[in-house]
Each structure stands twice: as C-alpha cells, then as structure tokens.
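Structure, as structure tokens:
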Number of protein chains: 2
Amino acid sequence: MALISPSRRLRRTPFSDGVEAAGVKAYTVYNHMLLPTVFESVEADYHHLKKHVQIWDVSVERQVELRGPDAARLMQMLTPRDLRGMLPGRCFYVPIVDETGGMLNDPVAVKLAEDRWWISIADSDLLLWVKGIANGYRLDVLVDEPDVSPLAIQGPKADELMARVFGETIRDIRFFRFGLFQFEGRDLVIARSGYSKQGGFEIYVQGSDIAMPIWNTLFAAGEDLNVRAGCPNAIERIEGGLLSYGNDMTDDNTPHECGLGRFCDTQTAIGCIGRDALLRVSKEGPVQQVQAITIDGDPVPPCDRVWPLFAQGRRVGQVTSAIWSPDYSTNVAIGMVRMTHWDSGTKLEVETPAGRRSATVQPGFWA
Amino acid sequence: MALISPSRRLRRTPFSDGVEAAGVKAYTVYNHMLLPTVFESVEADYHHLKKHVQIWDVSVERQVELRGPDAARLMQMLTPRDLRGMLPGRCFYVPIVDETGGMLNDPVAVKLAEDRWWISIADSDLLLWVKGIANGYRLDVLVDEPDVSPLAIQGPKADELMARVFGETIRDIRFFRFGLFQFEGRDLVIARSGYSKQGGFEIYVQGSDIAMPIWNTLFAAGEDLNVRAGCPNAIERIEGGLLSYGNDMTDDNTPHECGLGRFCDTQTAIGCIGRDALLRVSKEGPVQQVQAITIDGDPVPPCDRVWPLFAQGRRVGQVTSAIWSPDYSTNVAIGMVRMTHWDSGTKLEVETPAGRRSATVQPGFWA
C-alpha cells in the first residue's frame with residue numbers, strides 16, 4: 001500500500017488530534033476529508049467493534065444545511081422518498097437522484113424543523129447539486145455546510161457509555177430518531193444511528209471547539225468498557241449489507257438497482273426531480289440489483305476496482321466490495337447482478353486479481 | 001505518514017498500471033481518483049522535472065462535457081470571464097463561481113466547438129453544480145463526464161518527446177491552444193498546457209483502451225531523453241505560483257482574492273450567475289489576496305492545515321501551501337494576506353507545527 005500525502009485539501013477534522021494520538025494507521029479520503037480506516041488492524045478492529053464500544057471520527061459525513069421557507073420543498077425535490085409524513089426529530093435514509101434517476105448520494109436527512117434540515121452526506125459534493133437546484137429554481141432557501149462534525153459511538157456497549165455521559169434518558173432514543181442533549185451548556189443533536197449493525201449513536205457535534213472535549217470525556221467515561229478509537233469497518237459493513245456510495249453504487253445506478261426501492265415512493269413523491277425517470281423502473285423493477293455474494297477460496301486481495309462476474313462465460317454483473325470475514329469463514333462481498341442470475345444460490349465466477357474464483361449469490365446479507 | 005486504504009471509491013485511472021510499475025510511493029485523492037504525488041522523492045522528482053521530461057497521469061482532471069444548443073450559454077453562466085471572443089481550439093483558464101462569487105473550481109475550459117465544451121476540473125464535483133444549474137434553468141444541454149483522461153508531458157524536453165510520437169507540427173501549438181493529432185487512427189485533443197512552469201502538453205486521452213498504449217509509446221520514444229513517470233510537484237508548483245483549489249482557495253474566496261481578477265470581466269460577462277456579487281469587489285478590489293511568501297529557518301513540515309499569519313500579534317492572514325525549495329534555499333509558500341500587510345517586503349510571523357517563524361511577503365512568485 002502507498003502512503004497518503006498530507007495537504008490542506010485533504011481536510012483534517014476537529015477530532016484528528018485524538019485520532020492520531022490513538023494510533024491511526026491508514027486513511028481514506030471522503031468528502032475532501034480524512035476518514036480513518038485502520039487502528040490496530042481491520043480484523044482486530046472488527047472483533048473489538050462487535051464486543052465492546054468504539055468512538056468513530058465520522059466528520060466526513062458533512063452536513064448540507066437547508067434553511068428557509070422553501071427548505072422542505074427543496075428536500076422533496078432531491079429524493080423520491082415521500083417526506084410528507086416526516087416529523088421534526090426524525091432521520092430518514094433518503095436516496096438522492098438526478099433528473100435521470102441516477103444516484104447522486106445516499107445520505108441521512110435530519111429534520112430539525114419544518115424550515116431547517118441537515119443532509120448527512122456520503123462521498124459526493126452534494127452541496128453543489130443542492131445549491132445549483134436552489135439557484136436554478138429560485139428557491140427561498142439558504143444552502144451551506146455548517147460547522148457540524150458527527151462523532152459515532154458504535155458497539156454493544158454504546159448505550160452504557162452514552163448514558164454515563166449524557167444521562168439515562170439517552171437509552172430511550174428510538175432507531176433513527178434524535179433528541180437534544182446538553183454538553184457543557186450546549187445543545188447537541190444525538191441520533192440512534194450509525195454505519196454499523198452493532199448499535200449506537202451519532203452525535204452531531206456543532207462547533208469544532210467542543211469536539212476534543214467530547215472525545216476526551218467519552219474516552220474517560222469508558223475506560224472500564226474497553227472503549228477504543230475505531231472507524232467504519234470494511235468487514236462488518238459488508239456483512240451487514242451497508243452500501244457505500246462510490247463503491248457499491250454510482251450515478252450510473254437507480255435506487256432500485258441498489259435495493260433501495262423501499263425508500264422510493266415514486267407515485268407520491270411529487271416534486272422529486274428524478275420522478276419521471278423512476279416511474280417506469282419502479283413499476284417494472286430493475287434489471288440488475290445489489291446482492292450479497294460469497295467468494296470461495298483464500299482471503300481475497302483488497303477490492304479496489306470492479307471485479308466482473310461471469311456465468312457460462314457471459315458477463316452478468318460485478319463485485320464492488322469484498323473482504324474475508326473471520327466470523328463467517330468466507331469472503332463476503334457486495335455486487336451488482338443481472339436479474340437472469342440474481343436468484344439465491346446461483347453459482348457464478350468472479351475475476352479477482354488473485355485469479356478466477358467461484359462465487360455464490362446469497363439469500364441476504366449476513367448480519 | 002499514514003497509508004491510504006484502497007477501494008473502488010478511490011478510482012484507479014487508465015494509467016494506474018503504468019504508474020504502479022513506475023514505482024509510485026504516495027498518492028493524494030482528487031476528484032475521487034488516485035493522483036500520484038511521489039515517485040523517487042519530492043526533491044528528486046523536482047530536479048528531474050526541471051532538467052528532463054516527465055509523463056504525468058493527471059486523469060484526475062476529469063472533464064465535464066457540455067453538449068447542445070445551450071452549451072455556450074451555460075458555460076458563460078458559470079464564469080465571470082467573458083467568453084464571447086473565445087474561438088474553438090482555445091483553452092481558457094476560468095474561475096467558476098457560485099451566486100455569492102465564491103470559487104467552486106478553477107478549471108481550464110476547452111472549446112471544442114460552439115456547442116461542445118470540456119471543463120477540465122480541479123478538485124470539486126463541479127459536474128453536480130453544472131447539472132443542477134442546467135436542470136434548474138431548463139437548458140437544452142447534455143452535461144456529463146466522458147471517458148477522457150488527461151496525460152501531461154512536462155519538462156524542457158517535452159517538445160522533443162512529443163515531436164517523436166506525434167510529428168514535428170506539434171511544436172507549433174501555441175500556449176493554451178490545442179490541435180487534433182492521430183494515435184492509432186484515433187483523433188486526440190492535445191493542448192500546450194499543464195500544471196508546471198517547465199513547459200509541455202496535455203493529451204486528452206479519449207477512450208481508456210488507448211491509455212496504456214500511449215503511455216508505453218511515450219516511454220519507449222523517450223528512453224534517451226531520460227523520460228520518467230512524474231506528477232504535479234509540490235515544490236515546483238509553489239515556486240511557480242500555481243494555485244491549488246482546496247489548498248490555496250475554497251468557496252470562501254472570490255476570484256479577486258485568489259489573484260484571478262484578470263480573468264474576471266465582471267462588466268461584460270452577461271449571464272454569469274455570480275456577476276452581481278462580484279461587481280462590487282471588482283470595482284473596489286479585495287481586502288485580502290493570495291501572495292508569495294518566504295518562511296525563514298529550516299525546512300518546514302508538510303502544510304496539512306492553514307498556518308495563521310500574524311503581525312504585532314494580530315492575525316492578518318494564513319499560509320495554505322509551504323515547502324522547502326532547494327533551488328531558492330528557503331521555504332516557499334502561498335498564503336492569503338490582508339491588504340494592510342500585503343505589500344512586498346512586509347515582515348510577518350507564521351505559526352507552524354514546528355513553532356513560530358518569521359515570514360516575508362514577496363514581490364511575486366519565483367518562477
């Protein structure tokens with residue numbers, strides 16, 4: 001593996017000092033910002049995440065803030081998910097599509113108030129799309145990136161750790177809901193959410209000045225819980241079927257291809273820019289779709305490009321994420337497979353840098 | 001320095017196999033794609049670039065293609081530079097601004113025809129802004145990212161190498177003009193341009209399938225010219241005052257602050273979305289501006305965040321790029337300085353990770 005060259009353009013986060021002190025070994029870049037990928041090792045981090053509690057610097061989940069009388073209207077223009085029933089205090093996972101129905105991002109929308117939203121984004125400059133739309137349609141709304149850096153607390157002991165710092169009532173937050181909690185006199189949005197299947201919270205840290213105080217308080221409170229610095233874990237997220245924008249989907253794909261059809265209310269999401277384009281696919285269904293796949297043999301090398309999938313010599317899809325799973329003792333993978341070959345149990349072949357391997361479409365993800 | 005974790009999301013380029021075979025040691029990420037930063041060492045690469053010729057994989061300069069009857073109108077909406085006099089066959093460096101006059105990108109616009117343009121972008125998803133504007137204003141134009149990956153040939157022997165492969169007429173291309181040249185029966189846009197002050201060309205390689213053939217042909221033709229794989233060089237680009245979007249400017253800055261006022265025809269660039277916002281600053285001038293700065297003492301550490309500039313204890317700006325220059329035997333830097341302290345020769349202090357250093361505003365860049 002090559003080194004990463006530091007520069008201001010690869011932005012540090014308000015938690016970077018803590019991340020470095022914790023011994024980060026590798027990074028990726030996400031929304032022009034550093035995202036840790038390895039502390040002890042991907043496998044050691046994985047085992048720890050499933051047993052204990054980790055604190056993740058996910059500042060890279062930048063927020064796009066919509067504020068003003070047209071905020072809700074603009075939000076609905078961005079997504080085929082019907083937002084009419086969404087109340088303040090809720091988080092919705094929302095596919096964002098362009099006028100062709102192609103995925104531009106798969107963020108979590110946080111409704112703070114009728115006229116104030118945060119979009120907690122995956123890795124694309126969604127801010128530019130939203131600003132362009134707001135400008136082009138002359139909407140009465142302010143769109144910008146506020147000084148908000150999410151910190152995720154993930155793992156089975158997350159509730160215990162958070163209760164120690166923010167009080168017992170934090171246990172009552174339901175999945176994808178948020179509440180306001182105080183830290184040093186400041187109100188913080190804290191949601192039950194996060195990019196793992198181990199449970200936990202995301203603290204929307206507003207104001208870089210309180211970032212390290214929160215980080216340090218959490219570590220101090222969790223010493224006997226074996227709390228560690230962590231990060232989204234490649235093995236755990238593939239086992240859990242958590243898609244990654246840019247890896248498992250791009251603007252070439254519709255939400256339906258990504259298995260996100262249940263988040264598309266194409267009939268009723270009036271105003272959505274991609275609605276016309278999605279009407280047909282929502283009626284007939286996609287011709288290819290994201291699937292869980294196992295790959296036989298030894299641990300595969302890092303999946304840094306698409307690996308073509310074949311059946312009887314014909315290309316029928318591609319693997320986009322793959323890694324060895326210690327808990328399932330096989331290579332777990334996410335791929336896009338054509339409908340002719342997507343039934344559970346279908347045997348395929350995948351071209352990896354380590355040679356051609358047999359692969360099998362699974363009935364679902366592992367966790 | 002930490003490692004970089006590979007994934008499909010950090011896209012490889014059509015030249016990556018060649019880059020790896022040439023022994024790349026470090027990368028940055030730019031437009032969600034791998035950009036080499038070091039081969040032998042930053043200093044060795046620098047000395048070689050100034051003496052010989054290098055081949056750079058700058059595929060990260062992704063193209064935004066505008067095609068259709070409204071292409072020219074859309075292009076003018078994006079920039080305060082007056083494009084009326086621009087003929088096909090020309091390249092223009094164009095600040096791209098939002099409705100507040102904030103820089104969204106500083107690309108090179110390539111005019112292929114009246115109704116067909118490429119925007120060769122710096123590190124932001126400009127595609128999303130352009131698509132949003134085209135959609136919001138209901139323009140009759142297709143906007144997408146074509147399969148075009150620029151390959152730069154830079155250094156004093158660039159003309160000789162290119163003439164051997166593409167013929168003697170390539171020497172006649174004038175600065176920021178382009179011509180069409182054949183390679184294996186395919187027409188290629190080749191411009192006299194590039195992100196160094198050593199002279200050279202950029203080949204807009206259209207079609208990933210011919211990328212490695214071109215790469216290999218150039219290396220074979222340049223053996224006796226001491227041709228090497230290279231990349232934009234941090235030392236050479238700071239000496240030359242070549243700004244880097246995301247490092248030396250962000251959407252907080254106007255073009256005038258970036259010293260790009262000469263590319264703004266705010267009076268006549270009718271249609272530019274940021275025109276209203278820029279009218280005042282273009283009349284009165286900016287209150288801070290990019291300057292060349294020297295920093296005294298030993299070689300500074302990597303500049304991975306802004307370094308505040310002070311005068312008599314008051315903050316008067318920030319350094320955004322800095323590195324030791326072997327040829328000028330000082331630390332060369334780019335920074336944003338307030339008008340009260342931007343006169344050449346002004347003594348300042350800069351807070352670096354290696355302590356506070358004295359710094360001096362220079363009359364201009366070094367090369």
Side-chain angles (χ1 to χ4, degrees), chain A residues 1-12 16 20 24-30 32 34-38 42 98-99 104-105 123-139 144-145 234 244-248 250-251 273 301-307 319-321, chain B residues 1-12 16 20 24-30 32 34-38 42 98-99 104-105 123-139 144-145 234 244-248 250-251 273 301-307 319-321:
Chain A
M1 280 208 301
L3 296 168
I4 186 166
S5 288
S7 70
R8 178 198 180 196
R9 193 171 49 73
L10 309 189
R11 300 180 285 178
R12 291 170 62 81
S16 287
E20 286 168 359
V24 63
K25 287 188 180 141
Y27 284 111
T28 186
V29 175
Y30 197 103
H32 312 278
L34 295 172
L35 173 62
T37 50
V38 184
V42 175
D98 65 16
E99 73 285 358
L104 297 183
N105 207 286
D123 183 33
S124 75
D125 295 340
L126 188 67
L127 180 65
L128 294 180
W129 170 254
V130 181
K131 277 171 60 112
I133 294 297
N135 183 273
Y137 286 88
R138 293 163 180 76
L139 300 183
D144 69 3
E145 181 183 301
S244 165
Y245 187 76
N247 285 318
D248 305 312
T250 71
D251 60 0
I273 286 170
C303 184
D304 64 354
R305 64 200 90 176
V306 300
W307 295 347
V319 161
T320 52
S321 296
Chain B
M1 278 209 302
L3 296 168
I4 188 166
S5 287
S7 70
R8 177 197 180 195
R9 193 172 47 75
L10 309 189
R11 300 180 285 179
R12 292 168 61 82
S16 287
E20 286 168 0
V24 61
K25 289 189 179 137
Y27 284 111
T28 186
V29 175
Y30 196 102
H32 312 279
L34 295 172
L35 174 63
T37 50
V38 185
V42 175
D98 65 17
E99 72 285 358
L104 297 183
N105 206 287
D123 183 32
S124 74
D125 295 340
L126 187 68
L127 179 66
L128 293 180
W129 171 254
V130 181
K131 276 170 60 112
I133 293 297
N135 182 273
Y137 286 88
R138 291 161 182 76
L139 300 183
D144 68 3
E145 181 184 300
S244 165
Y245 186 76
N247 284 318
D248 306 312
T250 70
D251 60 1
I273 286 170
C303 185
D304 64 355
R305 63 201 90 177
V306 301
W307 294 347
V319 162
T320 52
S321 296

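Numbers restart at 1 for each chain; the letters A, B, ... are given by sequence-line order, proteins then strands.
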Part of [X] lying under 4.5 Å from any heavy atom of chain B:
X: A:Leu139; result: neither
X: A:Arg138; result: side chain
X: A:Asp98; result: side chain
X: A:Ser321; result: neither
X: A:Ile133; result: both
X: A:Ser16; result: neither
X: A:Tyr30; result: both
X: A:Lys25; result: backbone

Please say which of A:Asp248, A:Thr250, A:Asp304, A:Val319 ends up in a side-chain contact (heavy atoms from CB on, under 4.5 Å) with B:Arg8.
A:Thr250
So how far is it from [X] [atom1] to [Y] [atom2], rounded to the nearest 0.5 Å?
X: A:Leu35; Y: A:Tyr27; atom1: CG; atom2: OH; result: 9.5 Å
X: B:Asp251; Y: B:Trp129; atom1: CG; atom2: CH2; result: 10.5 Å
X: A:Leu128; Y: B:Leu128; atom1: CG; atom2: CG; result: 6.5 Å
X: A:Leu104; Y: A:Asp125; atom1: CG; atom2: CG; result: 11.5 Å

Stepwise side chain to side chain contact (heavy atoms under 4.5 Å, CB included) check, A:Leu3 with B:Leu3
CA-CA 4 Å; A:Leu3 296 168; B:Leu3 296 168; 3.9 Å; yes
Under a 4.5 Å heavy-atom cutoff, which of [options] has the most pairs with chain A?
options: B:Lys131, B:Glu99, B:Arg11, B:Glu145; value: B:Lys131
options: B:Asn135, B:Thr37, B:Leu126; value: B:Asn135
options: B:Val38, B:Leu10, B:Val24, B:Asp123; value: B:Asp123

Regarding A:Asn105 and A:Ser124, do their side chains bring together a donor and an acceptor under 3.5 Å, going by distance alone?
yes
